[in-house]
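To keep things clear, I will list the structure first and then write my remarks on it.
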Amino acid sequence: MDLITQLQNDVIDPNISISTALRRAKVLAYRLDLEDFKNWVELELNGYQDKLEDLPDYRRCTTVIIKGNFSGLGTMMNNAEIPISHLSTVHINKLQEIPLSQGIRAYESIVENKKKLTLSLPIPVDLAVTWFSGVYQDMQCISARKEFPMSALIELLDTVRNRLLSFVLELQNEFPNLTSTDEKLPKIPTDRAQAIFHYHVYGDSSVIYSGQGNDIRIQQNVVQNDLESLIKTLTSLGISKIDINKLEESITEDEEEPGRGIGPNTKKWLEYIKEKATDGAIDLTLKAVASYFGIPL
């Protein structure tokens with residue numbers, strides 16, 4: 001049985017853990033040599049603790065309640081829900097979100113045990129005392145925690161499983177020859193495969209597919225002089241982080257001599273990327289860069 005079909009069978013089988021399926025996906029990612037796919041599988045298996053900036057939206061739990069214990073005037077109040085509207089926006093945002101950054105197996109283990117319907121993370125005592133003492137009259141906060149439902153972990157596991165399945169199915173649909181052999185996988189266009197990956201795993205809506213004709217159309221969402229929008233579009237095209245960083249450096253160097261449109265360093269980068277990308281991606285990359293500089297397409 002070929003690797004793609006094996007992986008599909010793993011993902012749809014509820015008796016096979018998503019961590020096991022991800023290990024097979026890792027083999028596929030390396031055989032296809034898809035950097036973004038490899039990085040994603042690695043982070044899902046080992047966790048995002050050292051790369052929180054890469055944490056996907058589906059790993060951010062926002063179903064959070066703040067509870068704590070209080071004492072004062074000889075009485076105790078336990079498990080009280082704590083209002084947080086008096087805090088700064090920055091602190092509120094941090095309290096209302098829990099980054100689920102551990103490796104996927106850690107969350108599988110928690111769900112398998114099913115000992116609790118609600119999970120919690122402690123808030124440092126010094127912060128709890130400072131932030132929450134006085135929210136109840138004459139009461140001092142002695143401890144506080146973030147609570148979130150077990151269902152958040154179940155949803156995370158299902159999301160990873162579903163997105164991996166969608167990616168593998170679309171990959172097979174775009175490149176049917178991938179399932180024609182269990183020997184060495186055939187070479188496929190990296191930028192197109194990367195774009196399929198970003199669409200199905202990260203939910204990048206700027207990438208649109210028209211099926212087996214291998215036509216990938218990019219809806220240009222690049223705002224003039226908005227580097228973030230340019231980076232997002234180039235990422236959806238499968239341009240690597242290393243190459244995008246080189247473009248950022250080129251744009252920064254060219255900005256030292258403003259009013260020249262696309263500067264010499266950026267032009268050199270465009271010539272460089274032509275050697276690496278396929279014809280379709282080259283055209284779309286040129287359009288994206290032109291949009292950034294406000295040049296009519």
- Check the pair Tyr202 / Tyr58 against ring pair (Phe, Tyr, Trp, His ring centres under 6.0 Å), numbers first and verdict last. CA-CA 9 Å; Tyr202 290 121; Tyr58 62 79; 7.4 Å; no

- Could you tell me the separation between the CH2 atom of Trp269 and the CD1 atom of Ile251, rounded to the nearest 0.5 Å? 8.0 Å

- Query: Do Met150 and Ile110 have side chains that get closer than 4.5 Å, going by heavy atoms?
  - Reply: yes

- Query: Are Ile65 and Thr118 close enough that some pair of their side-chain heavy atoms sits under 4.5 Å apart?
  - Reply: no

- The complete set of salt bridge (Lys or Arg N to Asp or Glu O under 4.0 Å) pairs with one or both residues in residues 92-102, sequence neighbours excluded, reads Arg60-Glu97

- By side chain to side chain donor-acceptor pair (under 3.5 Å) - contacts of Thr130 (at least two apart): none

- Among residues two or more places apart or on two chains, list those pairs meeting salt bridge (Lys or Arg N to Asp or Glu O under 4.0 Å) that have a residue in residues 120-145. Arg145-Glu147

- Qualifying residues under side chain to side chain donor-acceptor pair (under 3.5 Å), relative to Asn245, sequence neighbours excluded: none

- Message: Return the CG to CG distance between Leu3 and Leu32, rounded to the nearest 0.5 Å.
- Response: 8.0 Å

- Item | CA sep, side-chain torsions, deciding dist, call: Ile84, Trp131, side-chain contact (heavy atoms from CB on, under 4.5 Å) | CA-CA 8 Å; Ile84 60 175; Trp131 288 347; over 6 Å; no

- Single-linkage hydrophobic cluster, 4.5 Å side-chain cutoff, Tyr136 and Leu95 together: yes

- Task: Check each of Asn15, Asp13, Thr20 against Ser17 using the side-chain hydrogen bond (donor to acceptor under 3.5 Å, both in side chains) test, and report the only one that passes.
- Result: Thr20

- Task: Report yes if some heavy atom in the side chain of Ile66 is under 4.5 Å from a heavy atom in the side chain of Phe132; otherwise report no.
- Result: yes

- Can you find a heavy atom in the side chain of Lys268 that is under 4.5 Å from one in the side chain of Lys246? no

- Item | Pair Glu271 + Lys274, salt bridge at N-O below 4.0 Å | yes

- Say whether Val111 and Leu164 are linked into one hydrophobic cluster, either directly or through other cluster members, by side-chain heavy-atom distances under 4.5 angstrom. yes

Review item, side-chain donor-acceptor pairs of residues 98-107, under 3.5 Å, at least two apart:
{"from": "Arg105", "atom 1": "NH1", "to": "Glu108", "atom 2": "OE1", "distance (Å)": "3.2"}
{"from": "Arg105", "atom 1": "NH1", "to": "Glu112", "atom 2": "OE2", "distance (Å)": "2.9"}
{"from": "Arg105", "atom 1": "NH2", "to": "Glu112", "atom 2": "OE1", "distance (Å)": "3.2"}
{"from": "Tyr107", "atom 1": "OH", "to": "Ser101", "atom 2": "N", "distance (Å)": "3.1"}
{"from": "Tyr107", "atom 1": "OH", "to": "Gln102", "atom 2": "N", "distance (Å)": "3.0"}

- Message: I want to check something: taking the side chain as every heavy atom from C-beta on, are Lys241 and Asp54 in contact at a cut-off of under 4.5 Å?
- Response: yes

- Message: Do Tyr272 and Asp243 make a side-chain contact, defined as non-hydrogen atoms from C-beta onward lying under 4.5 Å apart?
- Response: yes

- At what distance, to the nearest 0.5 angstrom, does OH of Tyr30 lie from CD of Glu35? 7.5 Å

- Query: What residues form a side chain to side chain donor-acceptor pair (under 3.5 Å) with His91, not counting sequence neighbours?
  - Reply: Ser88

